[in-house]
Amino acid sequence: MSNGPRYRFAPSPTGFFHVGGARTALYNWALTLREGGTFVLRIEDTDESRNQPQWTQGIIDALAWLGIDKSHPQFEGPYFQSENAAAHVEAAMSLYAEGRAYFCDLTPDQVQERAKASGKPGYDGFSRDRGLEPGPGRVLRFRVPEGETIVRDLVRGEVRFDNATIEDFVLLRGNGSPMFLLANVVDDRIMRITHVVRAEEHLPNTPKQQMLWEALGAAAPTWAHVPVLVNEQRKKLSKRRDKVAVEQYREEGILADAMVNYLMTLGWAPSGDTEIVPWQRIVDEFRLEDVNHSPAFFDIQKLLAFNGEYIRAMAVEEFVQCCQPILAGPQVPWHPQQFDKEKFVAMAELVQTRVQVLADVPAMIDFLFVDTPVVDEAAWTKATKDSWARDVLVEMAEACEVCNDWSAANLKTILERITESRQLKLGKTQAPVRVAVTGRSVGPPLFESLEVLGRESTISRLRAAIARL
RNA sequence: GCCCCCAUCGUCUAGUGGCCUAGGACACCACCCUUUCAAGGUGGCGGCACGGGUUCGAAUCCCGUUGGGGGUGCCA
């Protein structure tokens, strides 16, 4: 086991893996790798009933997709916070024994009433000196000391909190179960965590946790609070309104490398003029001290642009390989039996520069694998509105029938001849042919498409289009 | 309300007192290339929130204002 720093990543199990969590995980992971430390995964929930096995597995799978594999020697865990409940209670009771915590029998409603009456928000320390014994319904509260708590944060510097503004917070609930704040600190201590890198939303909790560390007689870990990810309204990304599940991006064919690279450029940038950099470069250069202080907009457009770059950078064989899951998936518009991998391979290189996500691929080649392509009516109308369109189709069909060299180059020559005889441009005359054969006005280069489609299908589709006119 | 954080092109960022006439990327626009669409190439548009200091000199340091965000649970 490594003696280096121990970074903990502590997501709560929610049934999906948040992109914000993914970025935090990546920060921890990059640091772990460079510092020769350990990445400690702890599933964060004091309530065991919420630790659904499939959710935990989902987090582990998502992490693995991002390159944070649990079989890696620097990966440790997962641990489950709920399994340490006894230690949490024990720590709380030791605080009680030392007078650093006390019991209180006020109900939440009573606390609120008192706050309202006094005009000051929060718990007012009512039971501080009442000497209450433990008992059912009584919560254990931490006795916040006077003075000031200074949080030293790697990204934000020193953040000062006046302890007078921090209420005596609850450690143990009325039913005796530990609160997350406490559980967190105790677990971090047990796991010998040295660095806590998490989202900024936890910053206001940090002085409380730091006081707890001190009360428990230990030095707090190094803190680092990274800015949150926001939507176009500049609000924290939320499951309800925003697309935040990394699983969803994975399914749509965002490449893991692109996602990782993009996520790392939110709040931080590699040196030089290009943001597309290999992971190793990120590991070498990433520093928490360089992370931006302000929230970053999760821009799907830019993610897609990154993804397009990563797709184009792949070798064709690799691209073909990556497309397998999508092409064999349930979303494809053709019958699985009609799919012909050879045809796809023949088109792959042309498809590669035309997609931003793998999910775009099927629509690019569907005309090859269906009996009759679905016709885009707007495209049909536009492509066939000129009087010469029908004649071009007729001539093309006839030429195809007698053609003895079914190659893209020759097919191009054929249509060029038809085009020239009418003093038109190929850009014009290819349109009706394209729509007749593929159903669309845009797509991969036409003649290569015809070559791969084959003579019979091409002719029959041209004939069908002529008939329709 | 109270506490905390933040503020460079539309967006993500570079910038740590003179190299800034503020650099790059995404998006957008134009042109080139071109069988459509992409890709690629070239160029363009566009920013230091505001007001005071400090300094010979400020995007950079200080104060204030404004504007955003987060936290204020017997949730995590």
Short heteroatom pairs, N/O only, protein and nucleotides 73-76 of chain B, under 3.5 Å:
residue : atom : partner : partner atom : Å
B:rC74  : O2   : A:G174  : N            : 2.9
B:rC74  : N4   : A:L106  : O            : 2.9
B:rC75  : OP2  : A:R173  : NE           : 2.5
B:rC75  : OP2  : A:R173  : NH2          : 3.2
B:rC75  : O3'  : A:R173  : NH2          : 3.3
B:rA76  : OP1  : A:T46   : OG1          : 2.5
B:rA76  : OP1  : A:R173  : NH2          : 2.5
B:rA76  : OP2  : A:R173  : NH2          : 3.3
B:rA76  : OP2  : A:F180  : N            : 3.3
B:rA76  : O3'  : A:E44   : O            : 2.9
B:rA76  : N6   : A:N205  : ND2          : 3.0

> More than 12 non-hydrogen atoms from neighbouring residues, nucleotides or ligands closer than 6.0 Å to CD on A:E349, yes or no?
Replying inline: no
>> Testing A:R143, A:R128, A:R100 one by one against A:D168 for a salt bridge (charged side-chain N to carboxylate O under 4.0 Å, His left out), which residue passes?
In response: A:R128
> Across the strands shown, which category fits A:L266 at heavy-atom distances under 4.0 angstrom: base, sugar-phosphate, nothing?
Replying inline: sugar-phosphate
>> For A:K343, is the NZ atom crowded, meaning more than 12 foreign heavy atoms sit under 6.0 Å from it?
In response: yes
>> If you only use heavy atoms from C-beta on, which nucleotide in B:rA39, B:rC26, B:rU35 is closest to the side chain of A:T353?
In response: B:rA39
>> What's the gap between B:rU55 and B:rC62 when it is taken at their P atoms, as a whole Å value?
In response: 16 Å
> With distance as the sole test, does A:E252 use its side chain to make a donor-acceptor pair with the main-chain N or O of A:Y249 at under 3.5 Å?
Replying inline: no
> Which nucleotide sits closest to the side chain of A:K412: B:rA27, B:rA39, B:rU35?
Replying inline: B:rU35
>> Would you call the rings of A:H202 and A:F180 parallel, tilted or perpendicular, taking 30° and 60° as the class edges?
In response: tilted
> Once you round it to whole Å, what is the distance between P of B:rC12 and CE of A:M264?
Replying inline: 17 Å
> How would you label the contact of A:K120 with the nucleic acid (heavy atoms, under 4.0 Å): base, sugar-phosphate, or nothing?
Replying inline: nothing
> Do other residues, nucleotides or ligands put more than 12 heavy atoms under 6.0 Å from A:E146 CD?
Replying inline: no
> For B:rC48, which nucleotide in any strand shown is its Watson-Crick or wobble partner with both distances under 3.5 Å?
Replying inline: none
> How far, in whole Å, is B:rC28 from B:rG70 if one measures between their P atoms?
Replying inline: 29 Å
> If you measure from the P atom in B:rC63 to the same atom in B:rU54, how many Å do you get, rounded?
Replying inline: 15 Å
> What does B:rA7 pair with, Watson-Crick or G-U, if both distances are under 3.5 Å?
Replying inline: B:rU66
> Given atom NZ of A:K302 and atom P of B:rA27, what is their separation to the nearest angstrom?
Replying inline: 9 Å
> When you compare B:rG67 with B:rC50, how far apart are their P atoms, in angstrom units rounded to a whole number?
Replying inline: 15 Å
> Starting at the 5' end of RNA chain B and moving along, which residue's nearest nucleotide shows up first, A:T274 or A:Y262?
Replying inline: A:Y262
> Which whole-number value in Å describes the distance from A:Q430 CD to B:rU36 P?
Replying inline: 6 Å
>> By the 4.0 Å heavy-atom rule, please label A:R434 as base, sugar-phosphate, or nothing.
In response: base
>> Check for me whether A:K239 meets the cation-pi criterion with A:F16, that is, NZ or CZ under 6.0 Å from the six-membered ring centre and within 45 degrees of the ring axis.
In response: no
> Distance between the C1' atoms of B:rC32 and B:rG15, in whole angstroms?
Replying inline: 34 Å
> Out of A:R390, A:R417, A:R422, which one pairs with A:E395 under the salt bridge (charged side-chain N to carboxylate O under 4.0 Å, His left out) rule?
Replying inline: A:R422
>> Among B:rG70, B:rA27, B:rG68, which nucleotide has an atom closest to any side-chain atom of A:A305?
In response: B:rA27
> Between B:rG24 atom P and A:E275 atom CD, what is the distance in whole Å?
Replying inline: 12 Å
> Looking only at atom P, what distance separates B:rC29 and B:rC48, rounded to whole Å?
Replying inline: 24 Å
>> What's A:P444 touching, base or sugar-phosphate or nothing? Going by heavy atoms closer than 4.0 Å.
In response: base
>> Measuring only the C1' atom in each nucleotide, how far is B:rA39 from B:rC33? A whole number of Å is fine.
In response: 11 Å
> Are A:K235 and B:rG69 close enough that a side-chain N or O sits under 4.0 Å from OP1 or OP2?
Replying inline: yes
> For the side chain of A:P121, counting heavy atoms from C-beta on, which of B:rG1, B:rU35, B:rU11 is nearest?
Replying inline: B:rG1
> Between B:rU13, B:rU35, B:rG24, which nucleotide gets closest to the side-chain atoms of A:A269?
Replying inline: B:rU13
> For B:rU36, does either OP1 or OP2 sit under 4.0 Å from a side-chain N or O belonging to A:K382?
Replying inline: no
> Is there a donor on the side chain of A:R354 or the base of B:rU36 sitting less than 3.5 Å from an acceptor on the other?
Replying inline: yes
> Quick check: are there more than 12 heavy atoms from other residues, nucleotides or ligands sitting under 6.0 Å from NZ of A:K243?
Replying inline: yes
>> Just the rounded figure in Å: distance from P of B:rG10 to CG of A:N231.
In response: 19 Å
Protein-nucleotides 4-6 of chain B N/O pairs under 3.5 Å:
residue : atom : partner : partner atom : Å
B:rC5   : O2'  : A:R156  : NH1          : 2.5
B:rC5   : O2'  : A:E200  : OE2          : 2.8
B:rC6   : OP1  : A:H293  : ND1          : 3.3

>> Distance check needed: B:rU36 C1' versus A:E448 CD, whole Å only.
In response: 12 Å
>> Taking only the C1' atom of each, what is the distance from B:rC2 to B:rC20 in whole angstrom?
In response: 41 Å
>> With a sphere of 6.0 Å drawn around CD of A:Q112, does it hold more than 12 non-hydrogen atoms of other residues, nucleotides or ligands?
In response: no
> Rounded to whole angstrom units, what separation is found between the CH2 atom of A:W268 and the P atom of B:rU11?
Replying inline: 22 Å
> Can the positive tip of A:R440 be found less than 6.0 Å from the middle of the six-membered ring of A:F367, inside 45° of the ring normal?
Replying inline: no
>> Can you measure A:K208 atom NZ to B:rC3 atom C1' for me and round it to whole angstrom units?
In response: 10 Å
> ring pair (Phe, Tyr, Trp, His ring centres under 6.0 Å) with A:F142: which of A:W213, A:F103, A:F169?
Replying inline: A:F169
